[in-house]
Student: 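Please read through the structure below; I'll follow up with questions.
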Amino acid sequence: MAQASAIATLEQIAPGRLMVGFGTGFTGRAGWEEALSLASMRTHITQVRALLRGDMADIDGGLAQILASDGWLPDRPITCQSTWQAKAQGRALAKEIATA
């Protein structure tokens, strides 16, 4: 939810200039030292994309949706360029998600 909200905010401030990166490495989560699994990455990217489309996403067993007053965020769907980890199995995941 935080990443989707940040993407939406940056698209409102500077439309068309954002490129979002996804990977399994350092997550920025407190106490999280191991890389995310590809399954976790798939889930996360799927959730972010759903939120940016304006859909509800199941996050940790609860439904979430980006809501904002008129003018605070761009209309949904929000689109921006993205890049993914590109090593071995990560390439297959990127191709799968990009064509979904």
Side-chain angles (χ1 to χ4, degrees):
M1 184 69 181
Q3 187 171 18
S5 294
I7 291 167
T9 300
L10 290 170
E11 274 299 311
Q12 177 70 12
I13 295 168
R17 294 192 212 170
L18 180 63
M19 177 177 266
V20 179
F22 294 97
T24 61
F26 178 73
T27 66
R29 297 170 110 176
W32 199 274
E33 297 178 13
E34 295 181 18
L36 293 174
S37 67
L38 290 177
S40 294
M41 189 169 145
R42 176 185 290 109
T43 298
H44 177 71
I45 293 170
T46 301
Q47 291 167 336
V48 169
R49 290 179 76 185
L51 292 168
L52 294 177
R53 283 193 309 268
D55 298 339
M56 292 180 121
D58 182 336
I59 299 176
D60 297 331
L63 293 177
Q65 185 176 26
I66 296 176
L67 301 174
S69 299
D70 290 341
W72 284 95
L73 293 177
D75 293 334
R76 265 65 87 214
I78 298 168
T79 58
C80 61
Q81 294 182 31
S82 59
T83 184
W84 296 286
Q85 146 190 323
K87 291 185 179 180
Q89 295 156 330
R91 281 194 300 269
L93 176 61
K95 183 176 180 180
E96 171 193 326
I97 291 174
T99 56

Student: Shortest non-hydrogen contact from E11 to L18?
Tutor: OE2-CB, 3.4 Å
Student: In Å, rounded to the nearest 0.5 Å, how long is the span from CZ of R76 to CG of L67?
Tutor: 7.5 Å
Student: Minimum heavy-atom separation for L52 and A4, please, with both atom names.
Tutor: CD2-O, 3.6 Å
Student: Would you confirm whether Q12, through its side chain, and G71, through its main-chain N or O, come within 3.5 Å as a donor-acceptor pair?
Tutor: yes
Student: Which heavy-atom pair separates I78 from A8 by the least distance, and what is that distance?
Tutor: CD1-CB, 3.5 Å
Student: Please give the remaining members of the hydrophobic cluster of L63, linking ILVMFWY side chains under 4.5 Å, ordered by chain and number.
Tutor: M56
Student: For the atom pair CD1 (I7) and CG (L73), what is the distance rounded to the nearest 0.5 Å?
Tutor: 12.0 Å
Student: Which heavy atom of Q3 sits nearest to which heavy atom of V48, and what is that distance?
Tutor: OE1-CG2, 4.2 Å
Student: Is the shortest side-chain heavy-atom distance between I66 and M1 below 4.5 Å?
Tutor: yes
Student: Search all heavy atoms of R53 against all heavy atoms of D55 and return the closest pair with its distance.
Tutor: NE-OD2, 2.9 Å
Student: Taking all non-hydrogen atoms of both residues, which atom of V20 and which atom of C80 are closest, and how far apart?
Tutor: CG2-SG, 3.5 Å
Student: Rounded at 0.5 Å granularity, tell me how far CE in M19 sits from CG in L10.
Tutor: 14.0 Å
